[in-house]
Amino acid sequence: MGKRVRFAPSPTGALHIGSVRTMLYNYFLARQTNGTLILRIEDTDQERLVDGAIDSIYDGLHWVGVHWDEGPREGGPHAPYIQSERLPLYQKGAQELVDSGTAYYCFCTKERLEQMRAAQRARGEITRYDRLCRNIPPAEAAERASSEPNHVVRLKVPEEGTIAIDDLVFGHIEWPLETIEDQVLLKSDGFPTYQLAVVIDDHLMGIDPIIRGEDWLPSTPKHLLVYRAFGWDVPPHAHVPNVLGPDGKKLSKRHGATQVGEFQSEGYLPEAMVNFLALIGWSPGTEEEVFSLDDLIQKFRIDQVQKAGGKWDRDRLNYFNGLWIRKLSDDALLARLDPFLPAEWDRRLVRGVVPFIKERMTTLVEAQDLISFLFTDDIVQDPALLVPKKRERMDAITALSRVTVLLRFVDPFIATGIEQAIAAVANELGWTVRDLTIAVRAAVTGRKVGPPLYESIALLGKERALARLEAAQEKLET
RNA sequence: GGCCCGUUCGUCUAGCGGCCCAGGACACUGCCCUCUCAAGGCAGAGACCACCGGUUCGAAUCCGGUACGGGCUACCA
């Protein structure tokens, strides 16, 4: 109970969908246990920083609808929550490890390391640090460290043995220590590497469990070694499987949209995104699959998370989106639609069509096209539709004119009355209702498909509807 | 190359030794409903449970190997 978990993105770009999934799992666990969720920004790579990335992370997470307890802008007992503002902590930690002999200064230049690796490759060996600086006597190393600013601190990895973890998702995993290199912990610019910073922060912030992406699994032994070097207890880890592109590779830009902001502007609902994402890699073990954020908080279990990576499936996302759109009340849908419609479109009229387009949308952006006939008289009446297949042009003119006449007397101008009028014309002329509505729809909406015709005509209003019907007749006469 | 992980319908998945000649969902096909398109309902097709051995009375489920896929292999995270 009362788990402390964290989401720790790097501000190297807009918020990625895969990260959102990891965030969600952390969020579920935090809320479910009445615990604490921490947002921590891991910006230890100063070269890859992207302007506005933190804003984008905040925007994305807010859109998704999750909230957290401690973070850069929220503050908290472990502030600051941005790693670049916690440098002294890491430097002190690195120093401690050097002092205790579990880490050492390395003075190798990047050039030397490159040459070393090239030579190793040429000889067909594994490329890894040759530990040249590992055996410099401590006194000499300390002295050189003060005069040579360009040194780093490396972890002194034991030469033999194994290190293991019991991952909450992947189970028991063991690594032979001889396969692990002497990892850099503190870079020459005084910044920690990820490997040092995560361990220190996760420890200081009391994170339990650590839930992160599967791609961190290979560096876990390095982290374990750092915990060991500090003499700290290792908290439970849970690695969650990757979200893959349709080609089975890690989801990236080349697979299309991958940032939350893009999905937002494409008209996806956060409810759908959450539902869809949560189900990649997790299942409640039942046949239910429609879940709100609150449902997920209730039902999520970390031990039900899958090991295999799951592919991103646009069709399935679309399905969930349509489903969640349909679950919205008409007023709620109107509000969601608002940013996707021209400001000048009369919201009362929009509100009127909402019930009729609700089950015809996959994404919110589709609404505009679906209802534009109500807001612009600039429609294209296609003769091929005005005259349904196997009907004569003259007959179509007659049909449209009869509809025009009967509609004029419909009062009040509502769907049922309009339906009766059209049925009467069909009956009178021996047309099928289907054919008649094809012609009328083309005349009134300029479309082949759309919201229910009678309701659409009612919404349009008698005057505009009649004008369009007359225009269609004229068009056919010329 | 090395280390680690993974492998059930096209896709997301259920399954944790007999209930499975494998269930649900998306997508697909057909039918019904119907003023169009949807939505909805019903039905169907779709997986020799990657492969090969082993354990067991019995394996999708346990063990070993192989294949394939993926991740990592930086003073990136």
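Chain identifiers are assigned alphabetically (A, B, ...) following the order of the sequence lines, protein sequences preceding nucleic acid strands; residue numbering begins at 1 within each chain. All values reported here derive from a predicted model rather than from experimental measurement.
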Given the P atoms of B:A60 and B:G54, what is the spacing between them in whole Å?
15 Å

I'd like to know whether the aromatic ring centres of A:Phe291 and A:Trp324 sit less than 6.0 Å apart in this structure.
no

Base of B:C37 paired with side chain of A:Arg447 (donor-acceptor, under 3.5 Å)
no

Between B:A27 and B:C68, how far apart are the P atoms? Round to whole Å, please.
35 Å

Spacing of the C1' atoms in B:C31 and B:A47 (rounded, Å)
26 Å

Measuring only the C1' atom in each nucleotide, how far is B:C49 from B:A14? A whole number of Å is fine.
12 Å

Interatomic distance at P, B:C4 relative to B:U56, whole Å:
30 Å

Would you please classify the geometry between the A:Phe28 ring and the A:Phe300 ring as parallel, tilted or perpendicular, with 30° and 60° separating the classes?
tilted

Quick one: A:Asn275 CG to B:A25 P, roughly how many Å, whole number?
15 Å

Looking only at the side chains, is there a donor atom on one of A:Gln195 and A:Lys222 sitting less than 3.5 Å from an acceptor on the other?
no

OP1, OP2 of B:G40 versus side-chain N and O of A:Arg326: anything below 4.0 Å?
yes

With sugar-phosphate meaning primed atoms plus P, OP1 and OP2, does A:Ile280 contact a base, only sugar-phosphate, or nothing at under 4.0 Å between heavy atoms?
sugar-phosphate

Regarding A:Lys448 and A:Asp382, does a basic nitrogen lie under 4.0 Å from an acidic carboxylate oxygen?
no

Does the gap between the ring centers of A:Tyr81 and A:Trp68 come in under 6.0 Å?
no

Is the phosphate of B:A77 approached by A:Arg40 (side-chain N or O, under 4.0 Å from OP1 or OP2)?
no

Across every strand shown, the nucleotide meeting Watson-Crick or G-U wobble geometry with B:C19 (both distances under 3.5 Å) is none

Paired nucleotide for B:A60 [Watson-Crick or G-U wobble; both distances under 3.5 Å]:
none

Roughly how far apart, to the nearest Å, are B:G6 and B:G18 at atom P?
23 Å

Rounding to an integer number of Å, can you tell me how far A:Trp324 CH2 sits from B:C26 P?
15 Å

Does A:Lys299 have more than 12 heavy atoms from other residues, nucleotides or ligands lying within 6.0 Å of its NZ?
no

Applying a 4.0 Å non-hydrogen cut-off, can you work out what A:Lys311 is touching in the nucleic acid: base, sugar-phosphate, or nothing?
sugar-phosphate

Looking at A:Lys187, does any N or O in its side chain come under 4.0 Å of the phosphate oxygens OP1/OP2 on B:C76?
yes

Base-pairing assignment for B:C9 (Watson-Crick or G-U wobble, both under 3.5 Å)
none

Ignoring backbone atoms, establish whether A:Lys307 has a side-chain N or O less than 4.0 Å from OP1 or OP2 of B:U13.
no

For A:Gly450, which contact category applies under a 4.0 Å heavy-atom criterion: base, sugar-phosphate, or nothing?
base

Distance criterion of 3.5 Å, no angle test: do you see the side chain of A:Arg434 paired donor-to-acceptor with the base of B:C35?
no

If pairing requires Watson-Crick or G-U wobble contacts with both distances under 3.5 Å, which nucleotide is the partner of B:C3?
B:G71

Rounded to whole Å, the CZ-C1' distance (A:Arg123 to B:G2) equals 15 Å

Here the distance between atom P of B:C4 and atom CG of A:Asp215, to the nearest Å, is 18 Å

Tell me the interatomic distance from A:Glu359, atom CD, to B:U36, atom P, rounded to whole angstroms.
14 Å

With respect to the side chain of A:Ala308, which nucleotide from B:U7, B:C12, B:C3 is positioned closest?
B:U7

For B:G44 versus B:A22, give the span between their P atoms, rounded off to a whole number of Å.
14 Å

With a 4.0 Å cut-off on heavy atoms, is A:Glu174 in touch with a base, just the backbone sugar-phosphate, or nothing at all?
sugar-phosphate

At under 4.0 Å between heavy atoms, what does A:Val152 touch on the DNA or RNA strands: base, sugar-phosphate, or nothing?
base

Whether the A:Asn321 and A:Thr363 side chains hold a donor-acceptor pair (N or O, under 3.5 Å, no angle test) is what I'd like checked.
no

Rounded to whole Å, the CG-C1' distance (A:Asn150 to B:C75) equals 10 Å

Give one of base, sugar-phosphate or nothing for A:Arg121, where a contact means two heavy atoms less than 4.0 Å apart.
nothing

Touch check for A:Thr286, heavy atoms < 4.0 angstrom, all strands: base, sugar-phosphate only, or nothing?
nothing

Does A:Thr220 put a side-chain nitrogen or oxygen below 4.0 Å from OP1 or OP2 of B:C4?
no

Can you tell me the base-pairing partner of B:G44? Count Watson-Crick or G-U wobble geometry only, both distances below 3.5 Å, and say none if there is no partner.
B:C28

Could you give the OH-to-C1' distance, from A:Tyr454 to B:U36, as a whole number of Å?
10 Å

Does NZ or CZ of A:Arg144 come closer than 6.0 Å to the centre of the six-membered ring of A:Phe107, within 45° of the ring's axis?
yes

If each of A:Pro452 and A:Cys108 is mapped to the nucleotide of RNA chain B with the nearest heavy atom, which maps nearer the 5' terminus, i.e. the 5' end?
A:Pro452

For the side chain of A:Arg360, starting at C-beta, report the closest nucleotide among B:A38, B:C76, B:A25.
B:A38

Judged by nearest nucleotide, the residue sitting upstream toward the 5' end of RNA chain B, A:Gln195 or A:Phe170, is A:Phe170

Pairing partner (Watson-Crick or G-U wobble, both distances under 3.5 angstrom) of B:A50
B:U66

Is the shortest side-chain N/O distance from A:Gln306 to OP1 or OP2 of B:A14 below 4.0 Å?
yes

Output field: ring centroids A:Tyr194/A:His223 closer than 6.0 Å:
yes

Can you identify which nucleotide, out of B:G1, B:A77, B:C26, has its nearest atom closest to the A:Arg316 side chain?
B:C26

Can you find an N or O donor on one side and an acceptor on the other, under 3.5 Å apart, linking the side chain of A:Ser188 with the base of B:C75?
yes

Give me the ring orientation class for A:Phe320 and A:Phe276: parallel if the planes are under 30° apart, tilted from 30 to 60°, perpendicular past 60°.
tilted

If you look at every strand shown and take non-hydrogen atoms under 4.0 Å, does A:Ile438 touch a base, only sugar-phosphate, or nothing?
nothing

Sugar-phosphate, base or nothing in reach of A:Trp216, heavy atoms under 4.0 Å
base

Between B:G23, B:C3, B:C35, which nucleotide has the shortest distance from any of its atoms to the side chain of A:Glu287?
B:G23

Looking across every strand, which nucleic acid part, if any, lies under 4.0 Å from A:Glu288 by heavy atom: base, sugar-phosphate, or nothing?
nothing

Between B:C3, B:A77, B:U13, which nucleotide gets closest to the side-chain atoms of A:Ser283?
B:U13

Rounded interatomic separation in angstrom, taking CG from A:Asp313 and P from B:G10:
13 Å

Expressed as a whole number of Å, how far does the P atom of B:G23 sit from that of B:C16?
15 Å

Within the 4.0 Å heavy-atom criterion, would you say A:Pro451 contacts the bases, only the backbone, or no part of the nucleic acid?
base

Distance test, side-chain N/O of A:Lys250 to OP1/OP2 of B:G71, below 4.0 Å:
no

Over all strands shown, is A:Glu178 touching base, sugar-phosphate only, or nothing at heavy-atom distances under 4.0 angstrom?
nothing

Give A:Gly281 one of three labels, base, sugar-phosphate or nothing, depending on what nucleic acid heavy atoms sit under 4.0 Å from its own.
sugar-phosphate

